[in-house]
Amino acid sequence: MSGVCDERAVWLGRFVLPHEPALRAWLSRRSLGGLEIDDVIQETYTRLFQAESVAHIHDAKNYAFQVAGSVVIDHLRRMKVVALSSVPDLEYLEVVSDEPSPERQVIDRDELQRLAEMIARLPGKIRDVFTLRRVHGLSQREVAVRLGLSESTVEKHMAKGFLIMLEQYGHGGKVPPRPSNLATNEGMRRDARKDRTTD
Amino acid sequence: MPGKTAQQIDAEAADWAARIDRGDLPPEQDALFQAWLSEDVRCLGAYGRMRALALTSERARALGPDFDPAAFTPAPFSAPARRRLLQWGSAIAATALFGVGGTWQVLRQRGRFSTGKGETKVVALKDGSVVTLNTASEIQVSYSDSVRSVELVQGEALFDVAKNKSRPFVVTAGDTNVRAVGTSFTVRRLETAPVQVLVQEGVVEVSKPATGGAPVRVAANSMAEAPEAAPIAAKPVPVAQVHRQIAWQKGQIAFEGETLTEAAAEFARYSDTRIVIQDPSLAKEEIAGLFKATDPVGFAQTIAISLNAHAQVGEGEVRLTR
């Protein structure tokens, strides 16, 4: 259908998503040339989606860090404001992973625990919808009937649920305030993005 | 529609993920979805990330119908138990678990064992010791009643030695002897470098009998080097590095900050397919990650994506260019 492969999405959910807090922390210590961390994260996933195969990647964490680093480097290079020699390539590729062990990434019990916690933290109606859809396995239509809601409302609750959960997931359980999209850095960001959208 | 914020894109991606969670999109919706995806380079990633969560969260079915989110209280986290699993166990466990194309061989007291390029082999010895041979390696086993002797003729091998105080286990690599009672260690004998001994567990004694110096004790998480014309030197190494150095046991090669040139040389130990790096700036790129040892092409393709380079596969080689 969409050219967006679910198999890859499953792989990302299993091996990359759990490392997002570490990836964000890593990015937050580096100069992003006017990009937001969220911009870098999104484009990183884009590249991970476009990778022809992920079968030979054994350490997805390091790999994701490396891709994120190259997203930033490419962006810094395109800006052309920074002298190329000052682009800290090495810093971006010097990924410190304490134990590069694939075993660590597959810890089912902990993952389930985390999922349960995240569902429990969802606000009222969204939590009800999410629990019926995901824990009880009802279809969105069945959830709508059960709760006496319209299908489009159920869909909206699911969307909101995804957003909230990803926020928690991506930040390791803590939900930080989102930056407002205003004033000072808006112009800068737009400039920063100008040549991104054209390539 | 230029200049969308990451937050707007995330919100739109969540809407699409929720719609697709209902089932396949009808054609006219799918056209809209495709159009949205091509609006910005970040859209695909944002959607993919949302979809990743949507699919991952399906595992919540495993919580069962009795799961009550309102009454849920987080259980304590069992970090120590997890950590233990990561402690280096035996070669057998690792190999059995990952089964990366290594072969098994059981023998009596004597014999010669070797591996070709890209091959690993686990040899179970009669006393309960286990030797794991890395790529292009060869050992000669000769046990007697008083001593268990193994010669490392070439290459690299990991020795998991069964305890037996009255019958020491001695590995000979050229002029270097490594003596152990019960322990786990790796010996590497390559033409291009001094003999290296890496100890994962227990203690070994490294000596060069011909030169008559005192044996050097090497403890767990330490590495000794025995150069031809210099004394044996031992130094501690970080646990993470120990793990990286024996990644080959799982059929993997681990890098952390090596240049692409060094990585290509390492892959050459495991495969005849050469990695050719044409761009000098590319050659100096430092890389990190775990890769399948026998798949230089897969490695080159993977690394090309992350370095924004191109990998071109040719006869007996793969070329990386920018």
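A note on names: the letters A, B, ... follow the listed sequences, proteins ahead of strands, and every chain is numbered from 1. Computed from heavy atoms alone, side chains included, the values below leave out hydrogens, waters and symmetry copies.
Counting only residues at least two apart or in different chains, salt bridge (charged side-chain N to carboxylate O under 4.0 Å, His left out) contacts with residues 145-162 of chain A comprise A:Arg141-A:Glu151, A:Glu151-B:Arg22, A:Glu155-B:Arg19, A:Glu155-B:Arg22.
Counting heavy atoms from C-beta outward, B:Leu260 and B:Lys284 have side chains that stay 4.5 Å or more apart.
Using a 4.5 Å cut-off between heavy atoms, A:Tyr63 touches chain B through its side chain atoms alone. Proximity to chain B is limited to the side chain of A:Gln140, based on heavy atoms less than 4.5 angstrom apart. Contact annotation for B:Asp295: only side-chain heavy atoms (C-beta onward) come within less than 4.5 Å of a heavy atom of chain A. Using a 4.5 Å cut-off between heavy atoms, A:Leu12 contacts chain B through both its backbone and its side chain. Both the backbone and the side chain of B:Asp21 come within contact range of chain A, with heavy atoms under 4.5 Å apart. Proximity to chain A is limited to the side chain of B:Ile303, based on heavy atoms less than 4.5 angstrom apart.
Between chain A and the residues B:Pro27, B:Cys43, B:Pro238, B:Ser57, the most heavy-atom pairs under 4.5 angstrom are made by B:Ser57. With chain B as the partner, the residue from A:Thr46, A:Val16, A:Val154, A:Thr44 showing the most heavy-atom pairs under 4.5 Å is A:Thr46. With chain A as partner, the option from B:Ala54, B:Ala304, B:Ala46, B:Ala17 having the largest number of non-hydrogen pairs under 4.5 angstrom is B:Ala54. For the set B:Ala18, B:Ala14, B:Gly48, the entry with the most heavy-atom pairs within less than 4.5 Å of chain A is B:Ala18.
Of the listed residues (A:Ile37, A:Val67, A:Leu17, A:Ile41), just one forms a side-chain contact (heavy atoms from CB on, under 4.5 Å) with A:Leu23, and that residue is A:Ile41.
Judged by distance alone, the side chains of B:Glu317 and B:Gln312 never bring a donor and an acceptor atom under 3.5 Å apart.
By the side-chain hydrogen bond (donor to acceptor under 3.5 Å, both in side chains) test, B:Glu258 is found to be paired with no residue, residues two or more places apart in sequence or in another chain being considered. Remark: B:Asn221 pairs with no residue by the side-chain hydrogen bond (donor to acceptor under 3.5 Å, both in side chains) rule, at least two apart or across chains.
Atom-to-atom distance recorded for A:Gln168:CD and A:Glu20:CD is 12.5 Å, nearest 0.5 angstrom. With rounding to the nearest 0.5 angstrom, the CE atom of B:Met223 is 5.0 Å from the CG atom of B:Leu198.
In this structure, the ring of B:Tyr47 has its center no less than 6.0 angstrom from the ring center of B:Trp16.
Between A:Ala51 and A:Arg8, the shortest heavy-atom contact is O-NH1, 2.7 Å.
By a heavy-atom distance cut of under 4.5 Å, A:Arg127, A:Phe130, A:Thr131 are the residues of residues 123-132 of chain A near chain B, going up by number.
Between A:Trp11 and A:Phe15, the ring planes are tilted. Angles from 30° to 60° get that label.
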